[in-house]
Asker: 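Take a look at the following structure, please.
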Amino acid sequence: MQKIELDLGRNGYPIFIGRDILADLPAFMQDVPHSSRHLLISDTNVYALYGPMLLETLRQAGYDIQTVIIPGGEEHKNLETVAYLYEQMILLGLDRSSCVLALGGGIVGDTAGFAAASYMRGIPYIQIPTTLLAQVDSSIGGKTGVNLPQGKNLVGAFHQPLLVYSDICLLDSLPAKEYCNGLAEVIKYGLLDAELWALLEEKHPFILKRDHDCLQNIIIRCSEIKARIVSADEREQGQRALLNLGHTFGHAIENLTGYQHYTHGEAVAIGMVYAARTAYLLEMISRQDMDRICQLITAYKLPIECPQLSSQAILEQMYRDKKATSGTLRIVLPQAIGSCVLRQDVPDSLLLKAITG
Ligand SMILES: NC(=O)c1ccc[n+]([C@@H]2O[C@H](COP(=O)([O-])OP(=O)(O)OC[C@H]3O[C@@H](n4cnc5c(N)ncnc54)[C@H](O)[C@@H]3O)[C@@H](O)[C@H]2O)c1
């Protein structure tokens, strides 16, 4: 098992990554008091696969733990689900020394994390991510929150977990589409780290087959990158914004296609291609690097184009996105494989050209 420390002073925490480690979780919960009642939150799919076993393990270790299952899907990542969680937390008698355990993908992590952040002004929680996306990205960094009808993640809080516990064997049961969804975020990290990029190019057939050695290596590398970025910039006032690579374009694509046609990862993949083309048009990267980006994304079965939307519609939606501050678009662009920068001076005409391809 590998341990990575996310250094945030008093709010810092360990990230554990390993194989077949779920049953060992109680050994890492020393800070969770046996005298209080705790709550396992999961979604229907994940609970059916891993919930009873984890519950049994925790109870055998002497924890008083109850369960609440929430419906899966982005359409349930909302205040209604959070209100339901508060209701259950009160009914079950959770108090300020109770702990929430979030077992699931990014949706469970974000929703349960937000309930923990706000219940009785904040109680501790543990992230047990079960999707690739959640293991490399959403479980780390303390961003919690839910969607409003007006947009994604518009209500939330920064609330760091007590620990993150990633068992890569849980990814074996992940549907192929969800696995590729997470690979898009992994490729994003590769554009921020040349060593990871090389691994993604070299080990591509093994990674696609979910080879455990390769998976463990990439999840460790991504977690290290995220931990380093978050510890330098917890509240996204500087370099944490680099993690939005591909997302400004991607969010616009997701929104315009009603969150139905593309997964988040697919939209981000297309967004990374648009970012690469923008960088090429600005003469920031070479033709060869731009082609490598498109090739790797394709090799991981992710799309590189979005034929059903006009470039004008995508650009207009980008301006409506919450990341447009004072009318200026802030876009992360690759300047080489392994190095990205934030730019807010890209002319609209050039963005339109990059989107059109
Ligand atoms: N907080 C952050 O920093 C952050 C970062 C990136 C994304 N996010 C959020 O994450 C969410 C997406 O998360 P996601 O991609 O993990 O989706 P998800 O939580 O919806 O999980 C995807 C699907 O896979 C199922 N599933 C999960 N683990 C499984 C397993 N091991 N085996 C079988 N099925 C499994 C789930 O039930 C669900 O149907 C979005 O809401 C996004 O906004 C948050």
Side-chain angles (χ1 to χ4, degrees), residues 6 15 22 41-51 53-54 69-78 81-82 102-114 116-117 125 127-148 151-161 164-186 188-189 210 215 219 222-223 225-227 229-230 233-236 240-241 243-247 250-251 254-255 259 262-269 271 321-323:
L6 200 159
I15 301 160
L22 196 57
I41 300 176
S42 194
D43 72 17
T44 326
N45 297 332
V46 178
Y47 186 80
L49 290 164
Y50 307 109
M53 176 274 201
L54 181 59
I69 298 171
I70 55 176
E74 196 70 48
E75 68 275 22
H76 296 293
K77 185 177 139 178
N78 56 27
T81 304
V82 176
L103 173 72
I107 292 191
V108 168
D110 280 13
T111 313
F114 182 55
Y125 76 115
Q127 287 275 20
I128 311 162
T130 65
T131 62
L132 179 58
L133 179 137
Q135 294 193 353
V136 298
D137 196 354
S138 63
S139 66
I140 304 166
K143 275 192 185 175
T144 71
V146 294
N147 305 327
L148 291 183
K152 274 190 73 171
N153 300 325
L154 288 183
V155 177
F158 283 97
H159 186 49
Q160 301 296 343
V164 178
Y165 200 74
S166 290
D167 183 340
I168 63 162
C169 292
L170 306 191
L171 303 182
D172 288 347
S173 55
L174 202 58
K177 203 170 172 66
E178 295 302 339
Y179 185 65
C180 290
N181 185 35
L183 283 173
E185 299 288 354
V186 173
K188 175 192 80 180
Y189 285 110
R210 308 187 201 188
L215 256 182
I219 292 169
C222 293
S223 303
I225 298 167
K226 179 121 188 206
I229 291 178
V230 171
D233 176 26
E234 185 184 5
R235 300 277 163 145
E236 199 173 312
R240 189 165 179 175
L243 296 171
N244 291 328
L245 172 64
H247 284 63
H251 283 152
E254 277 185 284
N255 184 295
Y259 299 96
Y262 296 106
T263 64
H264 174 70
E266 286 171 341
V268 168
D321 190 282
K322 69 180 155 77
K323 287 189 176 66

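Counting starts at 1 for both ligands and their atoms, following the listed order.
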Asker: Would Leu49 count as a contact of ligand 1 if the rule is a heavy atom under 4.0 Å away?
Answerer: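 Under 4.0 Å: yes for Leu49.
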
Asker: In the structure I gave you, are the side-chain heavy atoms of Tyr50 and Ile128 within less than 4.5 Å of one another anywhere?
Answerer: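 No, side chains not in contact.
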
Asker: Is Pro175 close enough to touch ligand 1? Criterion: a residue heavy atom under 4.0 Å from a ligand atom.
Answerer: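 A heavy atom of Pro175 does come that close to ligand 1.
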
Asker: With heavy atoms of Lys152 as the reference, note each atom of ligand 1 found under 4.0 Å away.
Answerer: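 Numbered from 1, ligand 1 contributes 43 (O).
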
Asker: Taking both backbone and side-chain atoms of Gly106, is any N or O found less than 3.5 Å from an N or O belonging to ligand 1?
Answerer: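 By distance alone, the answer is yes.
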
Asker: With only distance considered, is Glu178 within less than 3.5 Å of ligand 1 through an N or O on each side?
Answerer: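 Looking only at distances, the answer is no, because the N/O contact criterion of under 3.5 Å is not met.
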
Asker: I'd like to know if Asp110 and Lys143 make a salt bridge, using a cut-off of under 4.0 Å between side-chain N and carboxylate O.
Answerer: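 Salt bridge absent between Asp110 and Lys143.
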
Asker: Quick check: His264 and ligand 1, any N/O pair under 3.5 Å apart?
Answerer: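 Min N/O separation from ligand 1 is not below 3.5 Å for His264.
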
Asker: Looking only at protein heavy atoms, which one is nearest to atom 4 (C) of ligand 1, and what is the separation?
Answerer: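 Among all protein heavy atoms, the one nearest atom 4 (C) of ligand 1 is Ser138 CB, 3.2 Å.
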
Asker: So between Gln127, Lys143, His251, whose heavy atom ends up nearest atom 3 (O) of ligand 1?
Answerer: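 The residue whose heavy atom sits nearest atom 3 (O) of ligand 1 is Lys143.
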
Asker: Which part of Asn181 is near ligand 1, with near meaning a heavy atom under 4.0 Å away: side chain, backbone, both or neither?
Answerer: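 Side chain only; the backbone of Asn181 stays clear of ligand 1.
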
Asker: Would you mind telling me if ligand 1 is within reach of the side chain of Leu174, the backbone, both or neither, using heavy atoms under 4.0 Å?
Answerer: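 Both parts.
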
